[in-house]
Structures are given as structure tokens and as C-alpha cells.
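What follows is a single structure, written as C-alpha cells, with notes after it.
Just so we're clear, the structure is a prediction, and the values are computed from it rather than from any experiment. In what follows, residues are counted from 1 in the order of the sequence shown. Note that these values count all heavy atoms, side chains included, but never hydrogens, waters or copies made by symmetry. Both counts, for ligands and for their atoms, begin at 1 and track the order of listing.
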Amino acid sequence: MAYKNILSASSANITTITINRPSKLNALNQATIAELHKAFKKADNDKKTKVIIITGSGEKAFVAGADIGEFADYSVVQGEKLAAEGQAKLFDFVAHLSTPVIAAINGFALGGGLELAMAAHFRIASDNAKMGLPEVSLGVIPGYGGTQRLPQLVGKGRAMELIMTAGMIDANQALQYGLVNHVTTTEELLPLAEKLASKISKNSTMAIAAAIEAVNAGFEAGENGFEAEITQFGKCFGTADFQEGTQAFLQKRKANFPGK
Ligand code: COA
């Protein structure tokens with residue numbers, strides 16, 4: 001599939017999606033969001049893809065936010081629609097994929113950029129990365145899940161401060177906050193993401209999908225995470241992956257998961 005604003009490449013069970021508008025610091029316009037939706041959906045449906053990596057092209061930015069030029073003259077109704085559609089098409093969509101998504105933050109991750117990274121299942125960053133939700137400096141608030149996911153990841157007080165000051169934190173502070181799991185050099189960022197992806201891809205895709213669902217359930221209103229865990233735990237017993245995983249252990253050999 002030919003994309004205009006993103007690149008998607010697959011090898012060795014990993015699909016890497018790269019937002020590719022470096023002259024606009026990879027800002028998320030509507031066309032890019034639509035292409036990302038398609039690319040994530042395709043990768044999630046692809047049996048060979050066991051992990052998805054999302055990153056930005058160029059050395060400066062992961063994503064410098066939603067495209068400000070596109071919404072500058074929006075009305076109240078249009079603003080609400082922008083957030084609702086964006087959350088459904090991309091941010092919630094990514095968070096609920098059954099294929100694990102790693103965000104490799106290679107520079108500025110601001111506004112919608114940080115929101116996209118936070119929708120991923122976990123994040124790593126290069127040492128030049130800068131993260132923040134600067135929306136209040138534009139007279140608006142984060143609308144792609146940032147007011148919910150940032151406090152979930154770093155705690156309410158830190159999230160409030162970051163949002164209210166419209167400030168940026170560097171990679172090491174993000175590591176200290178637990179917003180990213182690892183910090184490395186720019187050159188080592190994708191190799192590290194691939195190393196983690198390769199580790200993940202050796203495990204049962206069925207069990208990983210069940211784990212994503214159970215973990216997510218604990219953060220969703222009206223859902224009981226412990227009940228979701230019981231249901232997902234039980235479901236695993238009906239999978240061929242479970243048969244293979246337990247038999248391989250008992251037979252003292254490496255498991256070769258069929259992924260069903
Ligand atoms: N939306 C639209 N265009 C954006 C953008 C965004 N969120 N972020 C950057 N760009 C564009 C700039 O307009 C500029 O385009 P131009 O060359 O056609 O004028 C280009 O990307 C390069 O950005 P520039 O501002 O010149 O780079 P910089 O190194 O001086 O500053 C930032 C980098 C990230 C500090 C600055 O671009 C910025 O503050 N961006 C907006 C961040 C933001 O508020 N995001 C939240 C949006 S809700």
C-alpha cells in the first residue's frame with residue numbers, strides 16, 4: 001500500500017511504522033492520522049507481525065503535535081469531533097490493538113505526539129527526546145487522551161504540573177517519571193526497540209493479547225481489571241499456544257508457539 005505521510009516496513013516479525021513529514025516535524029494532520037489507522041490495522045491483521053514499532057523520521061522529532069494549522073479556525077462542534085474521531089481512529093485504536101506497540105521516541109514528542117506515544121503499550125526514548133503536552137499554551141487542552149493517559153503513567157500531580165505549565169521534560173526526567181522505560185542514544189534507539197520486539201515475539205501472541213486486554217481493563221471506567229484478568233486467564237487454557245507452552249516446558253524444549 002502506498003502512503004504519502006508515513007512509511008511501513010516489515011521484517012523478522014516486526015512492522016515499523018514511521019511518520020514521515022520531517023519538514024513539519026511529523027505533525028499529525030488528518031491525512032496522516034487516516035494513514036496511521038490503515039497501517040496499524042494492516043499490521044495487526046498480519047499474522048507474521050508480532051510487534052509494531054512506531055517512530056518518527058528525521059533526527060529532530062517523533063511528532064511535534066497535532067497539525068495546528070488544520071484546526072486553528074475550528075468551532076466548538078468541530079473541535080469535539082476532531083478529538084472524538086482522532087481517539088477512535090488512532091489513539092484508542094492503538095491502545096487496544098492485540099499486537100504489542102512500542103513507541104521509539106526519537107526527538108520532540110509534544111501534544112498529539114506524546115499522546116500517540118502514550119497510547120502505545122510502552123515507550124523508549126533517545127537521549128535528545130523532549131516530551132510535553134503544551135496545548136494550554138494554545139488555549140486548548142490535550143484532546144487525544146492526554147489528560148487521562150499522562151496521569152495514569154506518571155501520577156496526577158506530575159501530570160497536572162506538565163499540562164498546566166505547558167512545559168517539556170527531557171528523556172532522563174521521563175525515565176525518572178516512568179513515562180519511558182529506557183533511554184539510549186539516537187543511533188541505538190531502533191536497535192533497542194527491535195531487541196525488545198524480538199524478545200516479545202518469542203512468546204505466545206495469544207497470551208500477550210490477553211495480557212494487553214487485562215491490563216487495559218484496569219484503566220477503563222466501568223470495567224473490573226481483576227474480573228477481566230480471570231476471564232482472559234481462563235481463555236488462555238483454550239489456546240494451542242497454551243498446549244505448546246506447557247508441553248514444551250515439561251519436555252524441556254523451547255516452545256514454538258502456533259499463535260492460535
Ligand atoms: N503543527 C503544525 N506545524 C508544525 C507543528 C505542529 N504541531 N510543529 C512544528 N510545525 C512546523 C513549523 O510550523 C515549521 O514549519 P515551516 O518550516 O513551514 O514554518 C516546521 O514544523 C519546523 O518547526 P519549527 O518551529 O521551525 O522548529 P523549531 O526547532 O524552531 O521548534 C518546536 C520546534 C517543536 C519547539 C516547535 O515547532 C513547536 O513548538 N511546535 C508546536 C508544538 C505544539 O504546540 N504542539 C501541540 C499541538 S496541539
Any protein heavy atom at under 4.0 Å, with atom 39 (O) of ligand 1 as the reference point?
no
If you scan the protein for heavy atoms around atom 26 (O) of ligand 1, do you find one that is closer than 4.0 Å?
no
Taking V101 as the starting point, is it possible to reach L116 by hopping between hydrophobic residues whose side chains are less than 4.5 Å apart?
yes
Within a strict 4.5 Å, meaning less than it, do heavy atoms of the I124 and I105 side chains meet?
no
One pair to check against side-chain hydrogen bond (donor to acceptor under 3.5 Å, both in side chains): E188 and H182. What are the steps and the verdict?
CA-CA 11 Å; E188 280 303 310; H182 305 275; over 6 Å; no
Spacing of K48 atom NZ and I14 atom CD1 [to the nearest 0.5 Å]:
14.0 Å
Indicate yes or no: does an N/O atom of A64 lie under 3.5 Å from an N/O atom of ligand 1?
yes
In this structure, CG of L25 is separated from CZ of F62 (nearest 0.5 Å) by 13.5 Å
In terms of heavy-atom contacts, I169 and L179 come closest through CD1-CD2, 4.1 Å
At less than 4.0 angstrom from any non-hydrogen atom of L110, what atoms of ligand 1 do you find?
34 (C), 42 (C)
If you measure from CD on E80 to CD on E85, what distance do you get to the nearest 0.5 Å?
11.0 Å
Compute the minimum heavy-atom distance from S23 to ligand 1 and say whether it is under 4.0 Å.
yes
Can you tell which part of I68 has a heavy atom less than 4.0 Å from ligand 1: side chain, backbone, both or neither?
both
Any idea which of E70, K24, K130 brings a heavy atom closest to atom 11 (C) of ligand 1?
K24
For atom 28 (P) of ligand 1, tell me which residue out of M168, R21, K60 has the closest non-hydrogen atom.
K60
Note the single closest protein heavy atom to atom 5 (C) of ligand 1, along with its residue, its atom name and the distance in Å.
A27 CB, 4.0 Å
With heavy atoms of F108 as the reference, note each atom of ligand 1 found under 4.0 Å away.
33 (C), 34 (C)
Work out which heavy atom in R21 is nearest to a heavy atom in S57; give both atom names and the distance.
N-OG, 4.2 Å
Pairwise distance CZ(F237) to CD(Q243) - rounded to 0.5 angstrom:
10.0 Å
Heavy-atom distance from atom 21 (O) of ligand 1 to the protein below 4.0 Å?
yes
Apply side-chain hydrogen bond (donor to acceptor under 3.5 Å, both in side chains) to the pair N128 and S126, showing each step before the final yes or no.
CA-CA 5 Å; N128 67 330; S126 57; 2.5 Å; yes
Short check: is a protein heavy atom less than 4.0 Å from atom 30 (O) of ligand 1?
no
Measuring from non-hydrogen atoms of P134 to any atom of ligand 1, is the shortest distance under 4.0 Å?
yes
Considering only heavy atoms from C-beta outward, does the side chain of L138 approach that of V136 to under 4.5 Å?
no
Do you see a protein non-hydrogen atom under 4.0 Å from atom 36 (C) of ligand 1?
no
If you have a sec, work out which protein heavy atom is nearest atom 24 (P) of ligand 1 and how many Å separate them, to one decimal?
L25 CD1, 4.5 Å
Considering only protein heavy atoms, determine whether one is less than 4.0 Å from atom 45 (N) of ligand 1.
yes
For E135, counting its heavy atoms only, list the atoms of ligand 1 lying under 4.0 Å from any of them.
48 (S)
Any protein heavy atom at under 4.0 Å, with atom 8 (N) of ligand 1 as the reference point?
yes
